[in-house]
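Each remark here refers to the structure printed beneath this line.
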Amino acid sequence: MNLPILSLVIWTPIFAGLAVLFIGDRNPRAARIIALLGSIAGLLVALPLWCLFDIKTPEFQFVESAPWIAAFNVNYHVGIDGMSLLLILLNCITTVLVIIAGWEVIKERVSQYMAAFLILSGLMNGVFCALDALLFYVFFEATLIPMFIIIGVWGGPNRVYAAVKFFLYTLMGSLLSLVALIYLYNAAGGSFSLLHFYDLPLTLNVQIAIFSAFMLAFAVKVPMWPVHTWLPDAHVEAPTGGSVVLAAVMLKLGGYGFLRLSLPITPDASHELAGFVIALSLLAVVYIGLVALVQADMKKLIAYSSISHMGFVTLGIFIFSVQGIEGAILQMISHGFISAAMFLCVGVLYDRMHTRMIADYGGVVNRMPVFAALFMLFAMANAGLPGTSGFVGEWLVILATMKVSFWYAVLGATTLIFGAAYTLWMYKRVVFGEIANPHVAELNDLSRREFFILAVLALFVLVMGLYPAPFGAVLHESVNEILRLAAPGRKLLIGL
Amino acid sequence: MQFLLSLAPAYAEIFLLCMICAILLIDLFLTDQQREWTYVLSLLTLLGCFLITAFADPTNDVEPFSDMLVTDPMASVLKLCIYASVAVVFVYSQSYIRSRDMFRGEFFVLALFATLGMLVMVSGSSMLTLYLGLELLSLSLYAMIALQRDSKQATEAAMKYFVLGALASGMLLYGMSMLYGATGTLDLDIMAEVIGAGEADNTILAFALVFIVAGLGFKLSAVPFHMWVPDVYHGAPTAVTLFIGSAPKLAAFAFVMRLLVSGLGASFLVEQWQWMLIIMAVLSLAIGNITAIAQTNLKRMLAYSAISHMGFLLLGVLSGSPEGYAAAMFYVVVYVLTTLGTFGIMLLLSRDGFEAENLDDYKGLNQRSPWYAALMLLLMFSMAGVPPVVGFYAKLSVLWAVIEAGYVWLAVVAVMFSLIGAFYYLRIVKLMYFDTPQDHAPIVSNAPMRIVLSLNGLAVLGFGTFPGVLMAICAYSVALSL
C-alpha cells in the first residue's frame, strides 16, 4: 500500500479542473458532468485517509517527501494529522456540494466556474497537507487566484471592489509571513521543513516578531477583528458557491495556520501574546455578534455570524488546553457545515427572489415547508443548540475557557445568546408570519437537487452533534502533540 | 590556426557580425514581397549563435583580444537567454511591424547589432569592451525607436532617450576614466587586484564609484535616473518597446556584475555601493509601484513596473553574496520571460491602425479569447509575484538573499511595495475577467506567434511549478563565474 494518497487528494481536483477548463464553454453540460465526476473522485481518493488513519499516533501520517527545489533544500513534503484529516474531508465534501449547487444557477462561463472551484479545492487540500513551509505558503497564496476570479466574475454588483479588497487584504497578511518564513529558513540552517522549525530554538524577541507576522496572515484569513472588514464584502458579493467555500473551508486556513505554524514554532510568543489574541477573539464574539443583529442583508448577517463563530475558534486555540483546541477544531468543522448550509439556504431564496434583504421576505414557510424545516435546523445549529454540531465545539471551548477565567467564559458564552438572537430573529422575519408580498406567494419549494445538498449537510450537522466521539478520537493525539510543541519554554533561547 | 583557436570565446560574436553584414547586403536585393527572407535569416542567425554558445566550452580560459573578452558560465547562460528573447521578439513583432510599414531590413539589422552589443557587454572584461558594447546597444536602440519616422511620439522618445543616454554614457565614461587614473588599467581583473592591494587612491575611487553607479542606474532605469523610461516605453512602437524591455535588461545585469562585482568588488567598496544601491532600490520600488497605479496606458504602466522590478533586481545585487547575485540573475531572467509574454499579448491585440495600449482595450478579454486571457492572467500574477507562477520564486530568491545578508527591514519594505504593485496587476486581471468587452474585433495572428506566445505563458506556469532547474542553473553559473 504505497499509493501516494495525499498527492492524489491534492492533484485529482486540480487536474480535473484543468480538464474542465479545456472543454470550454462550447459544451456546458459536459463541463458540469466532468466537474461533478472530478469532485466525486476527489472525495473518493480522500476517503481512504479516514479509513486507514491511525488514531493512536501523534506522528504525521501518509507522509510523502520528494525534492522539489533541490538547490535550496525545498521539499515536496506532505503528511497529515487528525486536524488536517478532518479539514480535508470537509473540503472535499464541500466541493462536491458546491459543484452540484452551481449546476443550474450558473449559466455563464460554466467551465471556468467549475474549474475554479476544483482547482481551489485541490490547492486548499495542499495547504492542509503541506509539511514544508514554502509548499504551505505556495498553496496558501495560490488559493487567492481562483477565489478572486470567482468573486469577481460571478459576483454581485459591487464584486470588483469586494474581489480586490479580498485579494489585497489577504496578500498583505501573508507577505510578511513570507519574510518570517525566510528568516526561519536561514535560522534553521537552510531548511523549510516545519518539523525542523518546531525544534528550532528562538529568542523571545524573535519569536514575537515571527508570531506577529504569522498573526497578521492568519488573522486576516480567520478573520479576526479588526481585519475582518473584507469578509462581509466578499460574502455579500460572491456567488452562493463562492460564499460557501469561503466560509466553510477558506476561513479555516487561518485557524489551521495558527495551530500548524504559530503555536508550535513560536510557543513562548504565543503564550506571551495569548491575552491579546483572546481579547480580540472576545471582541469578535461580542461586538460582531451585536453587529450581526442589526444586518438587513441575510448574507451579511451570516458573514458577521461567521466572524463571531471564528472568534470562538481563536479563543479556543489560545486557551492552550486539550478541550480548548479540540473544541476549536470541532468548531471549525461544524462551522464549515453550518455556514455552508446557511449560505446555501440564502442562495435558494436568492435564486427565486433575487434579493437578499430580510425585509423582502416573510411567510416563506407557507410556500416552502420543506425548506423552512431544513433552514430551521441550520438556524438552530448556528445558534448552538445541543444535539447539533454547533453545540459541541462551543461547549468545549466555553468549558476550557471557564477553567482559565470565569469572565472570559461569560463573555464567550454570550455568543449563545447573540447567536440565537440574530439567527432566530432573522429566521422568524424571513420564514414565519403572513405571506409578505406577491413574490413570496409565487415561491416553489426545494428542487430535488437543492434538497439533496441541504439534506447531506443536515445529516452531518446532526451526526456530529449527536455522536461527536469519532471526530474527537481522530483529533486527540494530534492535539496533544500540538500542545506538547506549544509548551512554553520548550525551545526558548535565552539571550538577546 | 592558433590565432583562430584563441578567438574561441568570441565565435558567437564573430558569427553574428558576419551574418549581420550578410543580411544587410542581401536585404538590398530583396523586394518587399521577398522581405520574409530577412526575417528568416535573422532567426537562423540567432539559432546559429545559440548553437555556437551552447556547444562552446564555457570554462575556456582563453581570453581573446588581449584579455578584452572573457567567457564564463554566467556569460553563456545570459547569452543563451538573449538569443532566445531576441528571437521571440522577432516572432512577436513580425505582423505588427508589417502592418506599420516597418518590416524592413533595418529593423532586423539594428536589432541584431543591438544583440551584438549585448553580447559584448555580457562578456566584456575590460572597461573599453564594456563601454563599446553598451554604445553599440544604445545607438541601435536610439535608431530603432525612431524607425517610425512619421510618428511624433516616437521621434520625441528617441530624442529623449538619446540625450539622456548620452549624458549617462558621459557619466559612466567619466567614472571609468577616474578608475583608470586611480588604478592605471582598464582590465577589470587587474583593477580589482590593484584596488585589493590598497594601491589606489580612495578619494578618486569613491568619486569614480558615484559616477559609475549613476551611469549604471540610468541603464538599469533605476530611480532617480528613470525619467526616460515611461516616455520611451510609451513613445516607441510596441515592437521596439518589447525589444527594449526584454533582452537589454539581461545585458544590463551582466554589465552591473562585471563593473561592480568583478571590478569594484573589494569589500570596502562593496560597503559603499551597497548603500547607494539600497537607496536606489527602495526609491525604485516606491516610485515605480506607486506611480504605476495612476497609469491608464499599459505601456506606461509596464514602464513603471519595469522600474520597480529593477529595484528588486538591485536588492539581489546589493546583498553582495553569490546567492544574491544568483537571485538577481534568476530575477532578471524571469522578468524578461514575463515581459516578453506581456508585450506579446499587447502585440497580439494590436492590429492595423489600432494599438492595444490603453487599459480599457483589455476589457472582457476573457470573453473574446479565454486562452489568451488565461495566459495574461498567469503573466500578471507572475509580475505581481503570486505563487504558483514563476515571478513568486524570483521575488522569493531575492528576499532570501536580502534576509541572509541581514537586511530584514529591506525585505519588509520590498514586500510592502510589492503589495502595492499587486494592485495594478490585479487591475488588468479585473479588466480582462470582470468587465465586458468594448472591442469585439476578432483576434488574428499567425501560427508561430500563437505557438510561441502560448509556450511563453505556459513557461511562466511551468517554471513556477518546477522552479528548481532554472534556479539551480543561475546559482551554479554565478558560483562558477565569480
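Protein chains get the first letters and strands the later ones, always in sequence-line order, with residue 1 at the start of each.
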Legend entry - Most chain A-contacting option - heavy-atom pairs closer than 4.5 Å, from B/Pro387, B/Gly468, B/Gly385, B/Ser397: B/Pro387
Legend entry - Proximity breakdown for A/Ala213 and chain B, heavy-atom pairs closer than 4.5 Å: neither
Legend entry - Toward chain B, the part of A/Gln112 with a non-hydrogen atom under 4.5 Å: side chain
Inset, instruction - Please look at A/Leu168 and chain B and tell me whether the side chain, the backbone, both or neither of the residue comes under 4.5 angstrom of a heavy atom of that chain. - result: both
Inset, instruction - State the CG-CG distance between A/Leu175 and B/Leu419, to the nearest 0.5 angstrom. - result: 6.0 Å
Inset, instruction - Could you grab the distance from atom CG of B/Leu399 to atom OH of A/Tyr185, nearest 0.5 Å is fine? - result: 13.5 Å
Legend entry - Side chain / backbone / both / neither for A/Leu181 at chain B, heavy atoms under 4.5 Å: neither
Inset, instruction - Decide if the gap between the ring center of B/Phe466 and the ring center of A/Tyr76 is smaller than 6.0 angstrom. - result: no
Legend entry - Side chain / backbone / both / neither for B/Gln367 at chain A, heavy atoms under 4.5 Å: side chain
Inset, instruction - With rounding to the nearest 0.5 Å, note down the distance linking CZ in A/Phe22 to CH2 in B/Trp371. - result: 4.5 Å
Inset, instruction - Considering non-hydrogen atoms only, spot the tightest contact between A/Tyr183 and B/Ile403 and give its length. - result: CA-CG2, 4.1 Å
Inset, instruction - Check whether any side-chain heavy atom of B/Lys395 sits under 4.5 Å from a side-chain heavy atom of A/Leu178, and report yes or no. - result: no
Inset, instruction - Identify which of A/Val160, A/Val74, A/Leu144 forms the greatest number of heavy-atom pairs closer than 4.5 Å to chain B. - result: A/Val160
Inset, instruction - Please name the pair of heavy atoms, one in B/Met416 and one in A/Leu176, separated by the smallest distance, quoted to 0.1 Å. - result: CE-CG, 3.9 Å
Inset, instruction - Would you mind reporting whether A/Phe148 and B/Val386 have side-chain heavy atoms less than 4.5 Å apart? - result: no
Inset, instruction - Please examine the side chains of B/Tyr393 and A/Ile69, heavy atoms only from C-beta on, and report whether any two atoms are closer than 4.5 Å. - result: yes
Legend entry - Check: B/Phe423 and A/Leu171 side chains under 4.5 Å, non-hydrogen atoms: no
Inset, instruction - Over all heavy atoms of both residues, which pair between A/Ile145 and B/Phe381 is shortest? Give the atoms and the distance, please. - result: CG2-CE1, 3.5 Å
Inset, instruction - State, with a plain yes or no, whether a side-chain heavy atom of A/Phe72 is found less than 4.5 Å away from one of B/Met471. - result: yes
Legend entry - Portion of B/Phe392 that has a non-hydrogen atom of chain A nearer than 4.5 angstrom: side chain
Inset, instruction - Determine whether the aromatic ring centres of A/Phe167 and B/Tyr425 lie less than 6.0 Å apart. - result: no
Legend entry - Any donor-acceptor N/O pair, A/Arg159 side chain to B/Phe434 backbone, under 3.5 Å: yes
Legend entry - Min side-chain heavy-atom separation A/Tyr137-B/Leu396 under 4.5 Å: no
Legend entry - Flag side-chain contact, heavy atom, 4.5 Å: B/Pro467 against A/Trp68: yes
Legend entry - Side chain to side chain, B/Val429 and A/Ile149, heavy atoms closer than 4.5 Å: yes
